[in-house]
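Heads up, the thing below is written out as structure tokens.
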Protein chains: 2
Amino acid sequence: MYLRAISFLQQQAREYVSSQDLADQLHLKSPQIRKDFSYFGAFGVKGTGYHVDTLIGRIRDILKLSSIQKAALIGAGRLGKALALYPGFGMYGFEIVEIFDSSPQKIGKKIGNTKIKSINDLGDMEEQGIRLAILAVPSEAAQEVADRLVESGIRGILNMAPCYITVPKRVRVQTIDIAMELGILPYYV
Amino acid sequence: MYLRAISFLQQQAREYVSSQDLADQLHLKSPQIRKDFSYFGAFGVKGTGYHVDTLIGRIRDILKLSSIQKAALIGAGRLGKALALYPGFGMYGFEIVEIFDSSPQKIGKKIGNTKIKSINDLGDMEEQGIRLAILAVPSEAAQEVADRLVESGIRGILNMAPCYITVPKRVRVQTIDIAMELGILPYYV
DNA sequence: CTGTGCTTGTGAATGTGAACACAAGCACTG
DNA sequence: CAGTGCTTGTGTTCACATTCACAAGCACAG
């Protein structure tokens, strides 16, 4: 979250930012931000604030986003297609290098510059330096595909299906349930 | 989150569920779940667990998901199209009744059964009983469109753009930044 | 080179949510 | 109808994150 906000400032050629500025922008309190940054190591300048470039570098290092991260996309349906062509991944240094689907009609076709392969041809991801996968398949198939991904050496899964998937402890799953996020709104409205 | 998990059990014709069962499934501790449910009012049965149908009804009531909620979709790009046809909204009782876009090429065309209208024809949403909007436009346009939505009487916005939008206090914003969620993974991997 | 105004970094206080442990109670068995 | 096993509901403890408050320190003006 900080990375996104501060990258935005960098684009505006802003050189320094104070904890107060960030707090206003992110709707947080300034001591919160100072405390968080202090855990990253103290590199703020009293009276001036934090050097934007330094801050971004430090956060990217911590999050291991300094180098390009290759990712595989599973599921070339409407959502999968939208994700494959989504421009927002670039900012964090992600690149979708493989797309897989189970439907024979889709296999062999291209999305952007990437050819859709059969899910059965999911090789050894670890060997290819692919540690992340984006799972955009129907809920019913999610667990089965996740199992295959784990087997192939994937270490992190972004699950777009509205269900829980079970994986070994060494694998990290992050789930986005779009409908659930929408489901939060009526309560407050 | 509970609603999703318990709805899944309902589909399996499960009649009762214990806090322990849910805890295992959701990777939580059972006292957490009992405490949460106790805030909803005590309706569990000692020795048996919670009645699934009652629990679902209670949670839906609290979240105000008992009746159909109409929603407008803004942005008919790849992501917008995927969301318009996304089957997952039905489970929470959401229905996308309007689609808007700014591109003349898209206006007039249909996605599913819904015709795409010009963003300039965004009328009085409140009058039409539409309280929620899904924002699937580029970051640059997000704030401007959000302002218009607020003006039209929208009360809740699901923002799919990777940016903060500022709205009056009476309006609630829920942001999904897909790339950010993926950005969390490398740290753990 | 001194004074003023900001801003950081952090110990202490505060608030909040999660985990524990156990009494109370229902169901089912023999 | 007593006994056993399981499960809820909750008072208490614990852990942790947020907020406060302020000393320390940098920058810039005069």
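Values below: all heavy atoms of this structure, side chains included; hydrogens, waters and symmetry mates excluded. Residue numbers start from 1 in every chain, and the chains themselves are labelled A, B, ... in the order their sequence lines are given, proteins ahead of strands.
B:D124 and B:S152 share no donor-acceptor pair across their side chains, judged by distance under 3.5 Å alone. For the 3.5 Å distance criterion, the side chains of B:D21 and B:Q25 fail to qualify, holding no donor opposite an acceptor. Donor-acceptor pairing under 3.5 Å is recorded for the side chains of A:Q10 and A:D53.
We find that CZ of B:F43 is positioned 15 Å from C1' of D:dT7, with the value rounded to whole Å. Between the CG atom of A:L28 and the C1' atom of D:dT18 there is a distance of 11 Å, given to the nearest Å. Protein atom NZ of B:K29 is 17 Å distant from nucleotide atom P of D:dT8, rounded to whole Å. We find that CZ of B:F40 is positioned 12 Å from P of D:dG9, with the value rounded to whole Å. Distance CG (B:D24) to C1' (D:dT7): 14 Å, rounded to an integer number of Å. When rounded to the nearest whole Å, the span between CD of B:Q32 and P of C:dA19 equals 6 Å. Atom P of nucleotide D:dT10 and atom CZ of B:R34 are separated by 11 Å, given to the nearest angstrom. The CD atom of A:E15 sits 15 Å away from the C1' atom of D:dC26 (whole-angstrom rounding).
Position along DNA chain C of the nearest nucleotide to A:G47 versus A:S38 favours A:G47 as the more 5'-ward residue. Residue order along DNA chain D, read from the 5' end via each residue's closest nucleotide, puts B:F37 first among B:F37 and A:V45.
With hydrophobic clusters built from ILVMFWY side chains whose heavy atoms lie under 4.5 angstrom apart, B:L149 does not share a cluster with B:L158.
Dashed line: the shortest gap from a side-chain N or O of B:T48 to OP1 or OP2 of C:dA27 is not under 4.0 Å. Phosphate proximity of C:dT7 to A:S19: absent, as no side-chain N or O sits under 4.0 Å from OP1 or OP2.
The side chain of A:K46 approaches C:dT8 more closely than any other nucleotide in the set C:dA24, D:dT10, C:dT8. Listed nucleotides: D:dT7, D:dT19, D:dG11. Nearest to the side chain of B:K35: D:dG11.
The residue B:Y50 sits close only to the backbone: its heavy atoms come under 4.0 Å of sugar-phosphate atoms, none of a base. Residue-level contact check: A:S30 touches neither bases nor backbone, having no heavy atom under 4.0 Å from any strand. Within the nucleic acid shown, B:Y39 has no heavy atom closer than 4.0 Å to any nucleic acid atom.
Between B:Y16 and B:H51, a ring centre-to-centre spacing shorter than 6.0 Å is recorded.
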